[in-house]
2 protein chains.
Amino acid sequence: MRDVARLAGVATSTVSRALARPGRVSEATRCRILAAAEQLGYVPNAAARNLRVGASNIVMAVLSEPAIANGASQVVPEVLQSVAATLSDNGFNLLIAGRNRSAAAEKHIPDLAVGGIVRGAILIGAAELPSHGQRSLANAGIPIVSVLQDRSAAGIPSVIADDRKAMREAVLHLIGLGHRSFFYIAGPAGSYHEAERSGGLAEALAAAGLPDRAVVRHGGGHAFQDGFESGIDAARAWLALAARPTAAVACWDDAAIAFMSTVRPQGVAVPGDLSVLGFDGVPVGAFCEPPLATLRQPTAELGAKAAEILLMLLDRDAAAPPLRTTLPNQLLLRASTTAPKTGGRRPRRAP
Amino acid sequence: MRDVARLAGVATSTVSRALARPGRVSEATRCRILAAAEQLGYVPNAAARNLRVGASNIVMAVLSEPAIANGASQVVPEVLQSVAATLSDNGFNLLIAGRNRSAAAEKHIPDLAVGGIVRGAILIGAAELPSHGQRSLANAGIPIVSVLQDRSAAGIPSVIADDRKAMREAVLHLIGLGHRSFFYIAGPAGSYHEAERSGGLAEALAAAGLPDRAVVRHGGGHAFQDGFESGIDAARAWLALAARPTAAVACWDDAAIAFMSTVRPQGVAVPGDLSVLGFDGVPVGAFCEPPLATLRQPTAELGAKAAEILLMLLDRDAAAPPLRTTLPNQLLLRASTTAPKTGGRRPRRAP
DNA sequence: CTGTTAGCGCATTCAA
DNA sequence: TTGAATGCGCTAACAG
């Protein structure tokens with residue numbers, strides 16, 4: 001920068017101004033400075049700027065589990081992508097901070113915030129805030145936004161899809177088709193998404209006046225990243241039932257996909273003998289056998305919105321963002337669901 | 001830090017040393033300093049350290065296309081994950097820099113390097129080096145490593161799987177099963193992976209003494225992220241052929257999955273009428289109908305190795321890393337391939 | 001072994 | 001409108 005100043009015949013402070021606030025520098029000198037900067041190939045040193053200003057232009061993405069990607073699910077990668085793109089368009093960069101790892105790595109996350117490296121954080125499906133001893137990300141003094149999980153009760157602006165409502169309406173659709181008995185493949189016990197989706201199912205049954213025993217619940221012991229295993233387990237459980245429900249509803253697509261894939265070789269026709277509904281809308285669902293009916297997460301929109309809200313939080317001139325933003329899921333009706341067989345349910349035996 | 005020094009009754013430089021090189025400070029004072037730091041909840045300001053040292057502990061991941069995730073492919077996310085984990089274990093952070101956005105964003109990438117924000121870069125399947133005007137990532141003065149794509153010819157240490165060999169051996173396996181006619185679903189024309197995999201197929205045919213016309217090539221017009229569309233197009237083309245090859249080989253799993261999914265409803269039995277082979281080893285392949293035979297990319301190993309090599313480059317005391325590291329793909333034989341039906345079309349001669 | 005001193009490159013006072 | 005001076009928090013010389 002000193003070189004630029006020298007070449008343009010001005011002081012470094014003028015160069016600084018010309019670059020930061022073009023309005024406060026005369027047209028002529030600004031042109032000289034810009035030309036000089038161009039000629040010298042000047043690139044501002046962001047590290048020095050950060051030190052001086054006391055804030056960086058880096059935002060941290062705090063990811064949920066050890067895995068960015070698991071099974072067939074693209075939801076975390078898609079959200080991540082969308083967040084990164086939106087931030088990039090606004091001059092910010094995204095640093096990824098995986099959880100999972102050693103305690104040292106866990107400690108690292110709040111330190112990034114306190115240490116001035118990151119300016120804000122976006123929690124992508126993270127269940128708990130990283131903390132180490134007394135210091136937690138929550139009191140690190142940087143703005144935080146949560147996507148996918150609703151943490152508005154903790155005062156953290158959240159951008160979510162209305163999983164509960166989506167599941168309720170989808171199950172009501174199945175009920176409308178004639179289904180009266182359900183098999184539910186639960187997500188990880190205690191997880192946010194499991195609570196919402198399972199709740200939506202319950203609400204639908206209640207709304208239709210069906211008793212609790214209309215649904216056989218299974219699973220809950222697998223993490224989201226082990227969706228395929230969960231689906232296989234669930235399939236075995238369903239196959240072993242004396243009275244098999246006519247509709248299987250999974251907490252997430254991975255489980256639904258593995259479920260279908262496991263029951264079909266046992267002579268179960270989907271959707272003839274059994275309708276299957278997934279959740280998440282993973283792209284490959286359209287190419288499963290049969291194509292999987294599911295509820296699509298608006299991943300791109302969620303990510304973009306979350307980034308926008310963080311940007312508002314970062315901009316002191318901006319209005320206060322909403323504490324909770326809810327986007328609709330999309331019901332993708334595909335061949336895996338249909339009306340149940342009528343006229344006496346006779347379970348077909350495996351060959 | 002001044003506060004810590006004051007509380008411990010030492011100079012700031014001593015605090016700095018105690019934290020950075022514990023060996024060069026006496027046991028007693030070091031304990032006092034650590035206690036004081038703990039008590040005050042001191043966290044070093046990384047921005048200041050970066051400025052002073054002239055290097056950050058942030059590494060940039062340069063991603064290929066607009067999409068981190070597409071179709072069913074988890075290869076980029078998986079590599080990303082592995083890179084992030086390995087870096088994190090060594091005290092480094094990962095910044096993600098998406099390509100293909102506005103020109104401004106493209107310019108941003110080299111600037112991050114020159115501006116002192118990032119210390120090194122890992123190209124994850126990126127075809128070209130980001131550049132803007134004269135300035136490119138290549139001459140930004142930071143170490144670069146490439147994963148998935150071989151850029152060793154350009155002097156960039158590369159960590160890759162041997163796609164060519166893997167494809168060759170897999171196709172030789174199909175030939176061993178009796179297949180003599182192939183349908184190849186090409187990847188993006190001119191792309192590295194397409195060249196390697198297509199080349200491997202050609203090598204296998206040549207090795208078995210089969211003529212060039214033993215393979216009908218299709219596609220090449222779709223980007224990797226449009227794998228499903230590519231597979232559908234290819235399926236239509238295959239269905240329209242008068243003499244249908246008995247084996248379809250896809251450049252990537254997404255295409256293979258959509259291909260299978262499109263031909264089967266037309267009465268084509270897989271693998272009875274047609275064997276299908278994919279490439280990448282996406283997890284969901286095991287749950288397709290039929291389960292997809294494929295060549296798994298060792299994503300976790302690739303990512304970890306790439307990160308290790310970058311760490312070597314960053315450490316001036318370390319030995320020079322190899323310019324090219326090749327890891328084996330794994331042939332996952334699943335139900336989508338089998339011997340071709342005999343009787344109808346008789347192979348002219350067996351090799 | 002420890003304290004003193006001097007900047008890293010920039011943005012921001014305050015004067016001119 | 002511009003220039004000169006100051007320090008962000010830290011580390012690396014060099015002395016002591």
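The structure presented is a predicted model; accordingly, all values stated were derived computationally and were not measured.
Rounded to whole Å, the distance from CZ on A/Arg6 to P on D/dT2 is 20 Å. A straight line from CE of B/Met1 to C1' of C/dT4 spans 13 Å, rounded to a whole angstrom. To the nearest angstrom, P of C/dT12 lies 10 Å from CZ of A/Arg24. One atom, CG of A/Leu19, and another, P of C/dT12, lie 13 Å apart when rounded to the nearest Å. Distance A/Ile117 CD1 to D/dC8 C1': 14 Å, rounded to the nearest Å. Atom CZ in B/Arg17 sits about 9 Å away from atom C1' in D/dA12, given to the nearest Å. Atom CG in B/Asp3 sits about 12 Å away from atom P in D/dC8, given to the nearest Å. Distance B/Arg2 CZ to D/dC10 P: 10 Å, rounded to the nearest Å.
Residue B/Ser26 places at least one side-chain N or O closer than 4.0 Å to OP1 or OP2 of C/dT2. Neither OP1 nor OP2 of C/dG9 sits under 4.0 Å from any side-chain N or O of A/Tyr42. Between C/dC10 and A/Thr12, no contact under 4.0 Å exists linking OP1 or OP2 to a side-chain N or O. Taking side-chain N and O atoms only, B/Arg49 has no distance below 4.0 Å to OP1 or OP2 of D/dG9.
Between B/Ile142 and B/Leu314, the closest side-chain pair of non-hydrogen atoms is not below 4.5 Å. In this structure, the side chains of A/Val59 and A/Val83 stay at 4.5 Å or more apart for every pair of heavy atoms.
At the heavy-atom level, B/Ser16 lies under 4.0 Å from base atoms of the strands shown. Residue contacts for A/Arg21: at a heavy-atom cut-off of 4.0 Å it reaches the sugar-phosphate backbone alone, with no base atom in range. Using a 4.0 Å heavy-atom criterion, one finds that A/Gly23 contacts no nucleic acid atom at all.
Formation of a donor-acceptor pair under 3.5 Å by the B/Ser152 side chain with backbone atoms of B/Ser158 is not found in this model. The backbone N or O of B/Ser82 sits less than 3.5 Å from a side-chain atom of B/Thr86, completing a donor-acceptor pair.
In this structure, of C/dG9, D/dT2, D/dC10, it is D/dC10 that holds the atom nearest to the side chain of B/Ala48. For A/Leu51, counting side-chain heavy atoms from C-beta on, the closest listed nucleotide (D/dT2, C/dA11, C/dG9) is C/dG9. Of the candidate nucleotides C/dA11, D/dT11, C/dT2, C/dT2 has the atom lying nearest to any side-chain atom of B/Thr14.
Each of B/Arg30 and B/Val53 was matched to the nucleotide of DNA chain C holding its nearest heavy atom; the match closer to the 5' end belongs to B/Arg30.
For the side-chain contact (heavy atoms from CB on, under 4.5 Å) test with B/Val159, the passing option among B/Val147, B/Leu148, B/Val79 is B/Val147; the others fail. For the side-chain contact (heavy atoms from CB on, under 4.5 Å) test with A/Val145, the passing option among A/Thr325, A/Leu123, A/Ile309 is A/Ile309; the others fail.
With hydrogens and angles left out, the side chain of B/Ser13 and the base of C/dT4 share a donor-acceptor pair within 3.5 Å. Not a single donor-acceptor pair, N or O on each side, falls under 3.5 Å between the base of D/dG9 and the side chain of A/Arg52.
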